[in-house]
Amino acid sequence: MGMFVISKRYNGDYKFIFATRKGKTIFTSIGCKQKSDCERMIAAIKDNITVFGFTKYKKAANKYFFRLSKDGLVLANSRKYSTELMLSKGIDEIIKHAPMAEILDFSENDFVFPDGDTVLDGTEAMD
(Lines give C-alpha, C1' and ligand atoms only; values in the text may rest on other atoms or scores of the structure.)
Protein backbone atom coordinates (compact mmCIF):
# COMPACT_ATOMS: atom_id res chain seq x y z
CA MET A 1 0.00 0.00 0.00
CA GLY A 2 1.22 3.50 -0.70
CA MET A 3 0.32 6.89 0.67
CA PHE A 4 0.00 10.48 -0.44
CA VAL A 5 1.44 13.00 2.00
CA ILE A 6 0.51 16.68 1.67
CA SER A 7 2.90 19.21 3.19
CA LYS A 8 3.77 22.87 2.97
CA ARG A 9 7.04 24.18 1.56
CA TYR A 10 9.04 26.96 3.20
CA ASN A 11 7.83 29.41 0.54
CA GLY A 12 4.18 28.74 1.47
CA ASP A 13 3.36 26.53 -1.51
CA TYR A 14 1.80 23.11 -1.00
CA LYS A 15 3.12 19.85 -2.39
CA PHE A 16 2.49 16.17 -2.02
CA ILE A 17 4.55 13.05 -2.31
CA PHE A 18 3.62 9.49 -3.06
CA ALA A 19 5.51 7.11 -0.81
CA THR A 20 5.73 3.33 -0.42
CA ARG A 21 4.34 1.60 2.64
CA LYS A 22 7.89 1.66 4.01
CA GLY A 23 8.01 5.46 3.66
CA LYS A 24 10.31 5.74 0.64
CA THR A 25 9.33 8.64 -1.64
CA ILE A 26 8.50 7.62 -5.19
CA PHE A 27 7.58 11.05 -6.56
CA THR A 28 7.14 14.65 -5.47
CA SER A 29 4.53 16.94 -6.98
CA ILE A 30 4.98 20.41 -8.36
CA GLY A 31 4.31 23.29 -5.97
CA CYS A 32 0.71 24.48 -5.66
CA LYS A 33 -0.51 27.81 -4.29
CA GLN A 34 -3.63 26.19 -2.80
CA LYS A 35 -3.91 22.96 -0.83
CA SER A 36 -7.11 22.22 -2.74
CA ASP A 37 -5.02 21.95 -5.94
CA CYS A 38 -2.99 19.16 -4.32
CA GLU A 39 -6.19 17.47 -3.18
CA ARG A 40 -7.64 17.64 -6.71
CA MET A 41 -4.48 16.19 -8.27
CA ILE A 42 -4.41 13.36 -5.74
CA ALA A 43 -8.09 12.61 -6.36
CA ALA A 44 -7.47 12.50 -10.13
CA ILE A 45 -4.51 10.15 -9.69
CA LYS A 46 -6.48 7.90 -7.36
CA ASP A 47 -9.55 7.86 -9.61
CA ASN A 48 -7.86 7.14 -12.93
CA ILE A 49 -4.09 6.69 -12.94
CA THR A 50 -4.23 5.31 -16.49
CA VAL A 51 -4.86 8.76 -18.01
CA PHE A 52 -1.51 10.01 -16.68
CA GLY A 53 1.73 9.68 -18.61
CA PHE A 54 5.02 8.40 -17.24
CA THR A 55 7.91 9.82 -19.25
CA LYS A 56 11.20 8.07 -18.48
CA TYR A 57 14.55 9.84 -18.48
CA LYS A 58 18.17 8.80 -18.09
CA LYS A 59 20.70 11.26 -16.70
CA ALA A 60 24.36 11.28 -17.69
CA ALA A 61 25.37 9.67 -14.38
CA ASN A 62 23.31 6.55 -15.25
CA LYS A 63 20.46 7.60 -12.97
CA TYR A 64 16.89 7.10 -14.08
CA PHE A 65 13.76 9.06 -13.19
CA PHE A 66 10.30 9.74 -14.56
CA ARG A 67 7.92 12.64 -14.82
CA LEU A 68 4.21 12.17 -14.18
CA SER A 69 2.13 14.32 -16.52
CA LYS A 70 -1.34 14.82 -17.88
CA ASP A 71 -2.21 16.63 -21.11
CA GLY A 72 1.40 17.82 -21.44
CA LEU A 73 1.55 19.37 -17.96
CA VAL A 74 4.23 17.87 -15.70
CA LEU A 75 2.68 17.27 -12.28
CA ALA A 76 5.48 15.41 -10.48
CA ASN A 77 9.09 14.25 -10.67
CA SER A 78 10.25 10.92 -9.35
CA ARG A 79 13.20 10.15 -7.17
CA LYS A 80 16.36 8.92 -8.91
CA TYR A 81 16.76 5.19 -9.55
CA SER A 82 19.99 3.30 -10.13
CA THR A 83 18.56 0.97 -12.81
CA GLU A 84 15.81 1.04 -15.39
CA LEU A 85 14.29 -2.04 -13.72
CA MET A 86 13.96 -0.18 -10.40
CA LEU A 87 12.37 2.74 -12.28
CA SER A 88 9.79 0.39 -13.79
CA LYS A 89 9.08 -1.08 -10.36
CA GLY A 90 8.47 2.43 -9.02
CA ILE A 91 5.94 3.12 -11.76
CA ASP A 92 4.29 -0.26 -11.16
CA GLU A 93 4.01 0.60 -7.46
CA ILE A 94 2.07 3.77 -8.33
CA ILE A 95 -0.25 2.06 -10.77
CA LYS A 96 -0.97 -0.77 -8.35
CA HIS A 97 -1.30 1.14 -5.08
CA ALA A 98 -2.31 4.74 -5.86
CA PRO A 99 -6.05 4.03 -6.26
CA MET A 100 -6.33 2.73 -2.69
CA ALA A 101 -3.60 4.84 -1.06
CA GLU A 102 -4.44 6.82 2.03
CA ILE A 103 -3.93 10.58 2.22
CA LEU A 104 -2.01 12.15 5.09
CA ASP A 105 -2.14 15.91 5.52
CA PHE A 106 0.78 17.49 7.37
CA SER A 107 0.35 20.91 5.76
CA GLU A 108 -1.11 22.54 8.87
CA ASN A 109 1.53 21.23 11.28
CA ASP A 110 4.24 23.80 11.82
CA PHE A 111 6.27 21.59 14.14
CA VAL A 112 5.68 17.87 14.10
CA PHE A 113 8.38 17.27 16.71
CA PRO A 114 9.14 19.44 19.74
CA ASP A 115 12.22 21.61 19.77
CA GLY A 116 15.27 19.62 20.89
CA ASP A 117 16.28 22.22 23.51
CA THR A 118 12.83 22.03 25.09
CA VAL A 119 12.99 18.25 25.36
CA LEU A 120 16.50 18.31 26.83
CA ASP A 121 15.57 21.04 29.35
CA GLY A 122 12.57 19.05 30.49
CA THR A 123 10.47 22.22 30.16
CA GLU A 124 7.94 20.71 27.78
CA ALA A 125 4.65 20.04 29.52
CA MET A 126 3.66 16.40 29.77
CA ASP A 127 0.06 15.56 28.85
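Everything quoted here is computed from the prediction, not taken from an experiment.
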S.K.: Classify the ring geometry of Phe54 against Phe66: parallel below 30°, tilted from 30° to 60°, perpendicular beyond 60°.
M.R.: perpendicular
S.K.: Quick one: does any side-chain atom of Thr83 pair with a main-chain N or O of Met86 as donor and acceptor, under 3.5 Å?
M.R.: yes
S.K.: Show the nearest heavy-atom pair for residues Lys58 and Tyr64, with the distance to one decimal.
M.R.: CE-OH, 3.5 Å
S.K.: For the residue pair Gly90 and Tyr81, what are the closest heavy atoms and their distance?
M.R.: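 Taking Gly90 first and Tyr81 second, the nearest heavy atoms are CA-OH, 3.6 Å.
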S.K.: Does the side chain to side chain contact (heavy atoms under 4.5 Å, CB included) test come out yes or no for Phe106 and Val5, once each step is laid out?
M.R.: CA-CA 7 Å; Phe106 293 122; Val5 181; 3.4 Å; yes
S.K.: What is the distance from atom NZ of Lys35 to atom CG of Asp13, rounded to the nearest 0.5 Å?
M.R.: 14.5 Å
S.K.: Before giving the answer on side chain to side chain contact (heavy atoms under 4.5 Å, CB included), spell out for Phe4 and Ile45 the whole-Å C-alpha distance, their side-chain angles and the decisive distance to 0.1 Å.
M.R.: CA-CA 10 Å; Phe4 291 96; Ile45 292 168; 3.8 Å; yes
S.K.: Drop me the distance from Cys32's SG to Arg40's CZ, to the nearest 0.5 angstrom.
M.R.: 9.0 Å
S.K.: Could you walk me through whether Ile95 and Thr50 pass the side chain to side chain contact (heavy atoms under 4.5 Å, CB included) check?
M.R.: CA-CA 8 Å; Ile95 292 169; Thr50 59; 5.8 Å; no
S.K.: Might you point out which heavy atoms bring Phe52 and Ala44 nearest each other, and give the distance in Å?
M.R.: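 That would be CE1-O, 3.6 Å.
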S.K.: Nearest 0.5 Å, what's the CD1-CZ distance between Ile91 and Phe27?
M.R.: 11.0 Å
S.K.: Under 3.5 Å, is there a donor-acceptor pair between the side chain of Ser107 and the main chain of Ser7?
M.R.: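 Checking the backbone N and O of Ser7 against the side chain of Ser107, no donor-acceptor pair under 3.5 Å is found.
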S.K.: About how many Å separate NZ of Lys80 and CG of Leu87, when rounded to the nearest 0.5 Å?
M.R.: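 Taking CG in Leu87 and NZ in Lys80, the distance rounds to 11.0 Å.
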S.K.: Is there a donor-acceptor contact under 3.5 Å from the side chain of Lys46 to the main chain of Ala101?
M.R.: yes
S.K.: Should Ile94 and Met100 be regarded as members of a common hydrophobic cluster, given that ILVMFWY residues are connected when their side-chain heavy atoms come within less than 4.5 Å of each other, either directly or indirectly?
M.R.: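 Ile94 does not cluster with Met100.
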S.K.: Tell me, yes or no, whether the heavy-atom count around Arg9 atom CZ, taken from other residues, nucleotides or ligands under 6.0 Å, exceeds 12.
M.R.: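 Count over threshold, so yes.
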S.K.: Determine whether a donor-acceptor pair (N or O, by modelled atom type, separation under 3.5 Å) exists between the side chain of Ser29 and the backbone of Ile17.
M.R.: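 Here the side-chain-to-backbone pair does not exist.
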S.K.: Give the minimum heavy-atom separation between Ile30 and Val74, together with the two atoms involved.
M.R.: CG2-O, 3.4 Å
S.K.: Out of curiosity, Ile49 CD1 to Lys96 NZ, how far, rounded to the nearest 0.5 Å?
M.R.: 15.0 Å
S.K.: Say whether Leu75 and Ile103 are linked into one hydrophobic cluster, either directly or through other cluster members, by side-chain heavy-atom distances under 4.5 angstrom.
M.R.: yes
S.K.: Do the side chains of Met41 and Leu68 join up, straight or via other hydrophobic residues, at under 4.5 Å, putting them in one cluster?
M.R.: yes
S.K.: Got a second to check how far Arg79's CZ is from Ile26's CD1, nearest 0.5 Å?
M.R.: 7.5 Å
S.K.: Please determine whether residues Phe16 and Leu73 belong to a single hydrophobic cluster, defined as Ile, Leu, Val, Met, Phe, Trp and Tyr linked transitively by side-chain heavy-atom distances below 4.5 Å.
M.R.: yes
